[in-house]
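Beneath this line is the structure, given in structure tokens, with notes to follow.
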Protein chains: 4
Amino acid sequence: MTSAAVKPGRPRSERARQAVLKAAAELLVDGGMAAVTMEAVAARAGVSKVTVYKWWPSRGAVAVDAYCDHYRQTIVFEDTGDVAQDLQRQMKVMLRAFSGRAGAIMAELIGQAQSDPGLRETLRERWISPRREATLLVLHRAIERGQLRGDLDLEAFMDELYAPLYFRLMLQHQPLDQQLPATLVAQALAGARR
Amino acid sequence: MTSAAVKPGRPRSERARQAVLKAAAELLVDGGMAAVTMEAVAARAGVSKVTVYKWWPSRGAVAVDAYCDHYRQTIVFEDTGDVAQDLQRQMKVMLRAFSGRAGAIMAELIGQAQSDPGLRETLRERWISPRREATLLVLHRAIERGQLRGDLDLEAFMDELYAPLYFRLMLQHQPLDQQLPATLVAQALAGARR
Amino acid sequence: MTSAAVKPGRPRSERARQAVLKAAAELLVDGGMAAVTMEAVAARAGVSKVTVYKWWPSRGAVAVDAYCDHYRQTIVFEDTGDVAQDLQRQMKVMLRAFSGRAGAIMAELIGQAQSDPGLRETLRERWISPRREATLLVLHRAIERGQLRGDLDLEAFMDELYAPLYFRLMLQHQPLDQQLPATLVAQALAGARR
Amino acid sequence: MTSAAVKPGRPRSERARQAVLKAAAELLVDGGMAAVTMEAVAARAGVSKVTVYKWWPSRGAVAVDAYCDHYRQTIVFEDTGDVAQDLQRQMKVMLRAFSGRAGAIMAELIGQAQSDPGLRETLRERWISPRREATLLVLHRAIERGQLRGDLDLEAFMDELYAPLYFRLMLQHQPLDQQLPATLVAQALAGARR
DNA sequence: AAGTAATCGAGACGGTACGTCCGGTCTTCCT
DNA sequence: AGGAAGACCGGACGTACCGTCTCGATTACTT
């Protein structure tokens, strides 16, 4: 009846969880994914390997968790009244972050996820989805205001805007310069206005 | 005139090169990147590990080389006279390929490249650049014909078209369905026509 | 009193230790030192290489350990009352052993120790020293009985007796025949009696 | 008639032979046997590996050859008229040499020979035998002069004198100090005089 | 002068073992 | 029931030498 069925035995150590995330974040920042081995994380956190395995299925999972915990930068969307403005500002924030350490690490995380389906799932849930949902709000708002056509394929539209950033981040065939958001927004919106 | 500078010593074994690429391609196809270990490649090719290391710096490099060798599908661009047609057809060919084994492997290759700058370089040179250059030809042709504005940022434009495919391939937040090319081309061209 | 300082963690596997020694001894007997590679020992013992490295620093160390374990022939010294008899009998036992497989292996072990100081140390502690100490007892007993002069340099004396056996074993310039002990004892004792 | 049957083809390069011996000796002196790899010798000599293999069967063979070439110290036996004097002086010369680099290397050579019968053979021929024969001369001379008994087992006698030096060199259970020759000669001769 | 034959340099090759690293799993005791 | 400690098996890493092999280039003696 009582939902919170009190579990027997020693409860999970919150201290251990924090220590693991902290250790992983540090390793991640100055050594990239390569440095985030279960061995190293456990050692640095002063925790046994088994404990890490108990709560995270793989080193990738620890890394994503630590990353999201460490870079939990607010997904700021101001409402300027102009959808172009809103999108452009948000993209600039993201681009600025991706120009630094956070970008290199995100690239490695997505990279790692390509050979670990579970990690891809986690990455989507913890990083991608929240951002896309926030963007969707902006776009719906713009449609209501009549700034955008109502028949747009919003998923494809968002990909046109954001995928180039991730693509350049990962392939580095072109630089991630500051006017890129403006260009992308301009070109994408040109055919999307009502 | 150009004396072919005959190098001393035993010449490189073409047989070994072929065997390695073949072995790597096979391993890649039925096992993904995880199966492409230097050890396995060498064993399967009937070649010593040292020989592999001699000509390829890393397992990633072997894999990319083998991939490009194996999937050297022609980058077909018909000239239909209509830029939208041309782009859409090419994208469909690519999308079809990426829906199968080749897509999963490409995702892993890009993934691997995130923790190996040399590999990223190779991937750009061997896979990305040739395709972008072919696309550039199409776009320039369209501009000359007056189908596209002349002041477009072509690099950004190409990213708007192709990055979504790679992005969906890697994140799998949305399916790679067959009408995606049409949608992307339509939305992107809407604001790009003269 | 001395609390046996219970160490934390999983205790060392006695099973693994035995298996390694057994495997090494077998390899040693039918293949000599050349067959005792860390790889082969580990494989034959059904143990991981790391485990072997954990407890033995080198293949030489494993070999010596296995040798002493395998050929832990009693260092029998009967007390016949006559020092010449005692020495001669002991030397004959040793010579008989060295005429077979054990001799060839011991030669290889000493050989290996020439390029591995740690191994030389081990060899001295595990093989040479116990035998020399047993011999010292016999000599001291003889001195007390008045069978030998008290001012002998016992270390040099023991070398005169035993070094020729090892020397012939290693150089094979002369055979290790059964009357050698008698000759050596006779000549050495001739000038050593009181 | 002319014994030196002139062989066709390019004659062996004396330059290469010298270069190999020189290179091997240098490597031997500052790096021991471990440094004398076929690879290193060839590289240092500016000679191809095949050339080395052509004239020496193994690295051990090169090393012994280089050693004997480098340390071709005269086997001096003065004839003082007293056999004890003669032996002791010769042993002191040898002991002095063995206290330095030459000793360590000789130990390694004998060590190496334990797993290479061909090398043992070479070592005997090039190093041991000449010295034993010179010693035999001294002993025969002493017998003629009536300083030694005629029924001695000379081979065993020589072993009693010299084996301890090699034994201590290799096992290092006791130091190779300067008064050792005197002790050995005294004890050995005590029972060997007429 | 042309032919023959052995040698030489360079260096690629298949192979074996090295010593290390990490991933996961296990066993033991402590809390 | 956790958790810390740490030993364990397995697999791959990248490297070092081994001994063999193909090359083209030399260097003599033989016709």
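- Across the protein-nucleic acid pair, D:Lys54 atom NZ and F:dC21 atom P stand 13 Å apart, rounded to whole Å.
- Residue B:Ser13 places none of its side-chain N or O atoms closer than 4.0 Å to OP1 or OP2 of F:dT22.
- At whole-Å resolution of the value, CZ in A:Arg17 and P in F:dG3 are 12 Å apart.
- Nucleotide F:dA12 holds its C1' atom 13 Å from the CD atom of B:Gln112, rounded to whole Å.
- Closest to the C:Trp55 side chain, of the nucleotides E:dG14, F:dA5, F:dC8, is F:dC8.
- Using a 4.0 Å heavy-atom cutoff across all strands shown, B:Arg15 reaches sugar-phosphate atoms only and no base atom.
- Put simply, the side chain of A:Glu108 reaches to within 4.5 Å of the side chain of B:Ser115, judged on heavy atoms.
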Starting at the 5' end of nucleotides 15-23 of chain E, put B wherever the base has a protein heavy atom under 4.0 Å, S where only the sugar-phosphate does, and a dash everywhere else. B-SBBBBSB
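- With values rounded to the nearest 0.5 angstrom, C:Ser58 atom OG is found 5.5 Å from C:Leu119 atom CG.
- Taking atom NZ on C:Lys7 and atom P on E:dC29, their separation rounds to 13 Å, with Å as the unit.
- For D:Ala16, the listed nucleotide lying nearest its side chain is E:dC8; candidates were E:dG14, E:dC8, E:dT28.
- The base of F:dC8 does not come close enough to the side chain of C:Arg10 for any donor and acceptor atom to sit less than 3.5 Å apart.
- Figure legend: D:Arg17 and D:Trp55 shown without cation-pi pairing, the cationic atom not lying both under 6.0 angstrom from the six-membered ring centre and within 45 degrees of its axis.
- Counting only distance, with no hydrogens or angles, the side chain of B:Gln114 and the backbone of B:Ile110 share a donor-acceptor pair below 3.5 Å.
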Side-chain atoms of residues 20-28 of chain C: list all donor-acceptor pairs with protein atoms under 3.5 Å, sequence neighbours left out, distances to 0.1 Å.
residue: C:Lys22; atom: NZ; partner: C:Glu26; partner atom: OE2; Å: 3.0
residue: C:Glu26; atom: OE1; partner: C:Arg44; partner atom: NE; Å: 2.8
residue: C:Glu26; atom: OE1; partner: C:Arg44; partner atom: NH2; Å: 3.0

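- Rounded to whole Å, the distance from CE on B:Met33 to C1' on F:dA12 is 13 Å.
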Derivation and outcome, salt bridge (Lys or Arg N to Asp or Glu O under 4.0 Å), residues D:Asp30 and D:Arg101: CA-CA 9 Å; D:Asp30 55 53; D:Arg101 199 80 193 85; over 6 Å; no
